[in-house]
Amino acid sequence: MERILLVMVGLPARGKSVLARKICRYLRFIGHDARIFNVGSYRRAHLGDHKPAAFFDPNNPDGSEARQRVADTALADALSWLRTGGEVAIYDATNSTRARRAHLLEHAGRASVPVLFIESICHDTSIVESNITDTKLRSPDYVGVAPDAALADFRQRIALYEQAYEQVADPDLSFVQVIDAGRQVVVNRVEGQLLARVVALLLNSRLLRRTIWLTRHGESVFNVRGLIGGDSPLSPRGQDYASALGRHFDSVPEGLVVWTSTLGRAIDTGRHIAAPHVEWRQLDEIDAGICDGMTYAEIAARMPSLASARSSDKLRFRYPQGESYLDVVRRIELLILELERRTAPTVIVSHQAVLRCLYAYLVGEPVEHCPHLAMPLHTLVELTPSAYGSDERRILLAPRVEERPSVMPPPVDEV
Ligand code: F6P
């Protein structure tokens with residue numbers, strides 16, 4: 001197994017932690033064991049909250065020594081985690097001087113762990129400004145501090161870091177530079193399959209806030225009858241939901257695009273939204289194979305061992321001639337990169353299983369939870385990613401639909 005240390009680099013308010021979290025979430029979603037070691041959290045845990053800007057002055061010997069100590073503790077933890085089975089440690093700190101990076105390379109080299117530096121650079125001051133106001137003032141460093149005081153202190157901290165900052169420039173190092181929130185990406189000496197995935201994510205990521213709405217299609221005729229799969233039309237209640245969805249987006253946000261699956265019920269549900277529509281096969285519902293068109297009760301009665309296999313491992317269970325949840329996770333991987341590239345708001349109209357997986361990715365839920373996440377009909381899930389997770393709102397747009405439990409009932413011979 002490849003082990004690797006990803007080292008974030010950059011001045012404060014350049015979106016390093018957002019990037020670190022995005023990489024970690026993506027790697028976990030595609031099946032790798034990744035963990036973030038955030039030096040700021042170590043500093044707060046070891047040295048207390050609310051350190052004033054002067055603490056970060058490179059000419060303050062006490063501050064520098066204390067910061068080096070917590071940075072080393074975090075690094076030692078990252079390397080020991082890698083030694084004991086961890087796969088990708090993401091070391092999140094400014095690491096903004098050549099000396100600090102040489103120190104990191106020396107320790108990682110002794111542990112035979114390869115290093116990739118990921119530097120975030122912003123020439124565009126408007127990006128820095130929005131990072132400062134949108135995210136930093138919500139940082140644990142400034143809890144309970146008046147916004148004006150926090151802003152002044154944080155600007156001073158950035159100025160102190162700027163005095164000592166040296167961009168990564170050594171052509172012998174492995175590094176990726178993400179410039180202006182992904183407008184430009186420089187890749188230098190990156191090898192290996194796992195890092196190729198990280199690079200693919202960075203090439204596609206735009207670190208800008210934009211809202212994503214997820215919704216299942218409106219109630220379908222199959223939903224009414226409790227049948228899974230198929231391509232049945234919307235029921236009258238489903239059509240009401242489609243109209244309500246259209247009304248909800250009456251004043252269409254700028255650049256809005258509607259993504260639907262290729263199935264009729266999803267296309268129909270989105271049709272009242274006045275924005276460009278794109279159909280994706282990747283958004284089609286999980287393929288229930290030989291069970292397509294059956295009720296859960298029928299499956300349990302006719303194929304009890306299949307039903308119990310699904311109940312005991314719903315994530316990995318693959319319908320004969322169909323798919324498992326893990327297959328769905330793999331199938332939407334490329335779609336996720338496409339979604340990461342978007343800078344404008346997107347409405348996604350799809351299906352229960354696929355949306356559970358997409359939602360898990362967007363909010364950072366472990367893949368194991370996918371098959372059990374709540375994704376009710378007639379509910380619009382509004383997600384706005386932020387530096388500290390995703391803001392979520394669930395909007396009920398039409399009368400709630402009571403569905404049959406989607407976990408198969410126990411096989412009849414076991415009742
Ligand atoms: O019942 C609606 C539906 O979208 C089916 O087409 C699909 O098989 C099912 O939900 C997925 O949910 P679960 O994995 O819980 O059976």
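Please read these numbers as outputs of a predicted model, since none were measured by experiment. Whatever order the structure lists them in is the order used to number ligands and atoms, beginning at 1. Numbers for residues simply follow the sequence, beginning at 1.
For the pair R157 and F56, the cation sits on the ring face: its NZ or CZ lies under 6.0 Å from the ring centre, inside 45° of the axis.
Heavy-atom separations between Y325 and ligand 1 include at least one value shorter than 4.0 Å. By the 4.0 Å heavy-atom criterion, A288 is excluded from the residues contacting ligand 1.
At least one N or O atom of Y296 sits closer than 3.5 Å to an N or O atom of ligand 1. The shortest N or O to N or O distance between K314 and ligand 1 is below 3.5 Å.
At a threshold of 4.0 Å, the pair E338-R342 does not count as salt-bridged, since none of the basic side-chain nitrogens sits closer than that to a carboxylate oxygen.
A donor-acceptor contact closer than 3.5 angstrom is absent between the side chains of T262 and E279.
Remark: among candidates M294, R310, E285, the nearest residue to atom 4 (O) of ligand 1 is E285, based on non-hydrogen atoms.
Atom numbering of ligand 1 starts at 1 in the shown order; those under 4.0 Å from a heavy atom of G229 are 5 (C), 6 (O).
Contacts classified as ring pair (Phe, Tyr, Trp, His ring centres under 6.0 Å) and involving residues 234-271 (residues at least two apart or in different chains) are given here: W213-F249, Y241-H378, W259-W280.
In this view, D148 satisfies the salt bridge (charged side-chain N to carboxylate O under 4.0 Å, His left out) rule with no residue, not counting sequence neighbours.
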